[in-house]
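What's counted below: heavy atoms across the whole structure, side chains too, no hydrogens, waters or symmetry copies.
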Protein chains: 2
Amino acid sequence: MESDQKNQKTSELFTTIDSIFNSNSVAVVGASDETFSFGFHFMRYLVDSGYKGNIFPVNPKKKEILNYQAYAELTLVPGNIDYVICCIRADLVTTLIDQCLKKKVKVIHLLTGRFSETGDPEAHELEKQILAKAQKAGIRLIGPNCMGIYAPKSGISFNHDLSMESGKVGGICQSGGVAGEIVRYASLRGVKFSKVISYGNALDLNESDLLEYFYLDQETKVIFIYIEGAKDGLRFFKILKKTSMKKPVILLKGGKSSAGQKATISHTASIAGKEGAWDAACRQSNTIRASCIDELIDLLVAFDKLPAILSKKTGIIGGGGGKGILAADECENAGLNVIDLPDDVEKFIVKKDPSMSGWLGNPVDFSIVSGSKIDTIEMLNILSLSPGIDILLAILTEDNPFDEIFWTEFINKEVENYIKIASNKSKPFAVVMGNPRLNISDVENWRWKAFLKAWKKLQESNIPVFTSTKTGANAISKVAEFYMRMEKRASIPQVPETKQEKIGTILSEIEAKQAISNAGIAVNKTFFAKTKKEAIDLSEKIGFPVVFKIVAPTITHKTDVGGVCLNIKTSKDAGDAYDKVTAAAGENEIFGMAVQKMIPQGIELVAGMSRDPQFGPMLMFGIGGVHVEIIKDVIFAIAPLDKEGAMEMISGIKNKQILNGFRGQEPVNKEEIADLLVKLSDYVMLNHEIEEIDINPIIATPAGLVAVDARIIKH
Amino acid sequence: MESDQKNQKTSELFTTIDSIFNSNSVAVVGASDETFSFGFHFMRYLVDSGYKGNIFPVNPKKKEILNYQAYAELTLVPGNIDYVICCIRADLVTTLIDQCLKKKVKVIHLLTGRFSETGDPEAHELEKQILAKAQKAGIRLIGPNCMGIYAPKSGISFNHDLSMESGKVGGICQSGGVAGEIVRYASLRGVKFSKVISYGNALDLNESDLLEYFYLDQETKVIFIYIEGAKDGLRFFKILKKTSMKKPVILLKGGKSSAGQKATISHTASIAGKEGAWDAACRQSNTIRASCIDELIDLLVAFDKLPAILSKKTGIIGGGGGKGILAADECENAGLNVIDLPDDVEKFIVKKDPSMSGWLGNPVDFSIVSGSKIDTIEMLNILSLSPGIDILLAILTEDNPFDEIFWTEFINKEVENYIKIASNKSKPFAVVMGNPRLNISDVENWRWKAFLKAWKKLQESNIPVFTSTKTGANAISKVAEFYMRMEKRASIPQVPETKQEKIGTILSEIEAKQAISNAGIAVNKTFFAKTKKEAIDLSEKIGFPVVFKIVAPTITHKTDVGGVCLNIKTSKDAGDAYDKVTAAAGENEIFGMAVQKMIPQGIELVAGMSRDPQFGPMLMFGIGGVHVEIIKDVIFAIAPLDKEGAMEMISGIKNKQILNGFRGQEPVNKEEIADLLVKLSDYVMLNHEIEEIDINPIIATPAGLVAVDARIIKH
């Protein structure tokens, strides 16, 4: 029932957004012939992009704009209006919405700015009124403060001279400037787009709605996102997860977390910091995270033009001497596997020119090949067909020291060869070709002319070309990682809708351990003694050696103040320890002493939970102990977690070799850790009042995992 | 006396290398008019580059080459020959050296390849013969297997069409291809070179000789190095150190360490791995390390065109909305400090347009400024003059959504403004301007034409221009770090010449601690007990609590096998502990038990030494304890070390906050650590038989540092 409603909503949303791309009429409100105004440019974008429906400029002072009849007011436009581009002042927008209601407009793009982005409370209030009015009218809004839509097939654009060839890359972009730059620069690299939506302040349609659209859109096979902050982190995360099961999603996050940094008490919250949840959301959903616009464009080139890659054995072509060495270094750094030449290639070399065997390796230095008895194109073919190589990366040998005739011939031949290999479609193939910084005179030089021509040929052949081995290897490696993980991924549990209540206390260790024990996690049971005598009696009862820990509500990091005494072996020692530990508490109010059995040495782990303002409960796992915040070898995951997700977390920590039995210690049972994390996940999903949890250390011994200390903060 | 000899040698070396650049005659042996041969191209390079002296082609079969009279043999050339470029086959080189001796040639550039780089033992042998012959004849060699010299002022070149404008950047490049690419691509960015030397196999003149030359060369103010392996690591390191006190040195390391990875016993050697010594050599000498050719070129642009920068307060201009956010992120990531707008700028904004105050921040969004009452150029001036800003970075607003006329006007105006600001020379100023991937048709487009023109204007104004905020911020930040460190650096102790002897044993803990105690490092003295009774007696004598550690020559990591028992409090416990620990040793031969006082809890540190095949003894310092190899928060430094160098190591570890008294612990006395490291350094400099040292843990308590365990490996 609920699911049906959801599907209906989704389908409505899809139809509404899709109506823009299939629209038969568009009105530009605030259209103008002032060539410095957006009202002029948005008219020009439509006209120049060949929008096929009716274009209605609306302007009370003009009869005609760009040869289109102008209307004084939206309501005076004859017939239907499917889509409105609003270029008028902020204070005029509410009236426009009334008019749109009359004309049954479905979507308005609010180019109009100077709303909440100014930080002005009045502007913020106005924005809220507009949203309320639009919602009542059933009109969806894109923006405000954004450039709107670029959809080449529909003839809609948000900038001049963008490519009108349609492709398979879709984009969601909070910033119009970033959107424009990505489209323009990626187009020059041969990437073609289905549609890109710049959505600004996300007053109504937000990143989740738009991603849902691209999830369903058949035309879009690769998605990019530029985002500064999510309106509803959990919903966005859910859609990211399902989308990246179908298509690669590349995400660039701009700005520090908009939610800001609150004061934290637990290690977990403190380590998570501002970007922990975004890292977790991307890793868990198999979203590819780009670190800057340039990397995002490289990833678009790679995902747009390369097939699925499921192994990383890489062969490198060309680039003599130092360039080959650097290329190999950079491929290895990026995580590609620069293998020794496979046997079939080796055999071919021996057969053709035995003197080259041993000298010629991977990278295959073609400056050596060309001086040998081996035919270049034959060698290229062998490499492209060898089953021992999964990825082929060719470095264009532009640094050959020849003059115009030879250089040009050489480069042309090389490009021709590459196009031939690519046309085999035998395996993923990419080319590295520098992008020299040319000025208006340089482009007249014979070398750069030949170079720009060569690039055009490669571009027209739809070969992915990168400007350096570093950037190319990085992008290719990320393509491989995406598809390898996609293949591995199973379904991920649905996130129940949660609401957080605020209460507010720090539980005592005894309460905290009771709580996680109720959650099904094995704890080293703690008993509470109010007096020295009770502490000694309890110790005798549970059996030495024991551990004392102070119970004092104002002390959260007990070890740091000397509030812990380990390995107490006799009743006399217990008495001494009691005195020492209480003395160490100083001015703090003391409730008594937590008494527990001493656990044998083992590997110290940590698990925990903190709440992210955008993504909700987020689990932590890693190397524990008193130095957890220093070592910081932990990983985060947005809850809920199933066993597979937990196993993925476990294998994601940097020093995972410690879990495999480092230097003679017993290996840790990873299944048990995964169980513990899933239990923790279930627990935090059900207990909304819990704000932060640290379970540290969890001691892993051959006998199993024991939570030795825990801290819980409620709100 | 020795120093005099050294100076004389240095000055001879300088004169010899410099003679190439001042040469009056050059012979190209193996000159040719076959346009595919190097003998042809090296003739062309000289002719086209305008070499001012005599050019003598040598070829037994030709009368004339490129209109120059050819000679059948070098000895037939009339008059002096200062410099020989050798393009003949490897097996003909020895005869040529005889002829060069007759003609009193000082330097030969051996373009000739197919020597040791092929891995062929015969070729290797031939190389050695050539060296011996040249040394006897007093002739210096560049190469073999290299492209030789590019020196625009002297009219010498190693490729076609390289810029013939002379500048202040010098380069040493093991690979000719890399050298060519760096010169060509950096020239397009406006970098000008003094001389660049490609030196290949470094048979005679090596990286140290050439760096020594550039250290002395007045024309060269910035140096780059591409290196695959050092012939003499310590000499190279010494010259690096003195050179970078005078001029920035940028180093790109290609390939895995040529010395390979030997088996290691200590943590120190294992963590150092293959690249540890290169990292240490660069950090200690204040050499700027580039990770790839592109970064190296960005660094050349920055160091060539920016003044010394001594603080990182950065103001960012332009780039609306998302681009500004990303620019700020990238500057912060690179280590620049994106400050709030200084008071004087804030006051100016309030005065000009109060409505902009609070909205306008840093980055200064010029798309907002242009819609306000603030004059653009006035605002730029205020920013460039504000004493609160040390670095100004302008992002060219190329994504403005205008058409040809406005867009072009806008960009031109922006470029004009930037040139005006730069001409103030009020502070370091750089521009970010994308480098679109244009093909031969794109460069005809109005937008890109205007763009290429704009770039030319900026280039001609000698403004450093970067293709992205990320790469620009990174380069600027490294310039600042270089000069800030240069200002701080004091003289660094001279490295005595050392020779390593090979012996070979692992010292027992007692011997190892005795050794470091002799070195002046405080140890927790260890006593040796052969029997259980002796162990109990000793414990009673030194006073409980004590620690037992097994002494067994085959067990190096005692904790891992259960060979350690801590906190033994009574004589009875001592007996039990003895049994338990010896039982844990299993099959291993046991010598007895090390008995020592139990040291109170404190911060666990590690210090150590391993020997690098290229750089000699290398010290380690970091966070200690049993997990030292997992945490890997350690830093290396090439010995010897003075106190300042030691302090720099201490502040170089990632988790240095632990030393400042993390979570209530006492801060560690850094002076004491520095003393310990200097003592360790002195010790290893004097004891050449020691191969590896681990001192772990060193416990830091308020009472001081105590080395609790140590391991020494001799060879």
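For chain B, no part of A/E404 is nearby; none of its heavy atoms comes within less than 4.5 Å. Within the 4.5 angstrom heavy-atom criterion, only side-chain atoms of A/D573, from C-beta onward, approach chain B. Contact of A/D442 with chain B is made through the side chain alone, with heavy-atom distances under 4.5 Å. Interface remark: A/M433 contributes backbone and side-chain atoms alike to the contact with chain B (heavy atom separation under 4.5 Å). For A/D294, the part lying near chain B is the side chain, with the backbone staying farther off; criterion is any non-hydrogen pair under 4.5 Å. Interface residue A/E330: only side-chain heavy atoms are found under 4.5 Å from chain B. Neither the backbone nor the side chain of A/K654 comes within contact range of chain B, judged by heavy atoms closer than 4.5 Å. Heavy atoms of B/K569 lying under 4.5 Å from chain A belong exclusively to its side chain. In this structure, chain B has heavy atoms under 4.5 Å from both the backbone and the side chain of A/T467. Heavy atoms closer than 4.5 Å to chain B are found nowhere in A/L458, neither backbone nor side chain.
Inter-residue side-chain proximity for A/R447 and B/R184 is flagged as met; some heavy-atom pair is nearer than 4.5 Å.
For the options A/F38, A/F40, A/W407, heavy-atom pairs under 4.5 Å to chain B are most numerous at A/F38. Listed options B/D633, B/N400, B/D399 were ranked by heavy-atom pairs under 4.5 angstrom with chain A; first place goes to B/D399.
For the 3.5 Å distance criterion, the side chains of A/S291 and B/K470 qualify, holding a donor opposite an acceptor. B/S175 and A/K323 share no donor-acceptor pair across their side chains, judged by distance under 3.5 Å alone.
Listed for the B/D329 side chain is no donor-acceptor partner under 3.5 Å among the backbone atoms of A/G254. Remark: side-chain polar atoms of A/N435 are paired, donor with acceptor, to backbone N or O of B/N435 under 3.5 angstrom.
The distance between the ring centers of B/H41 and A/F402 falls below 6.0 angstrom.
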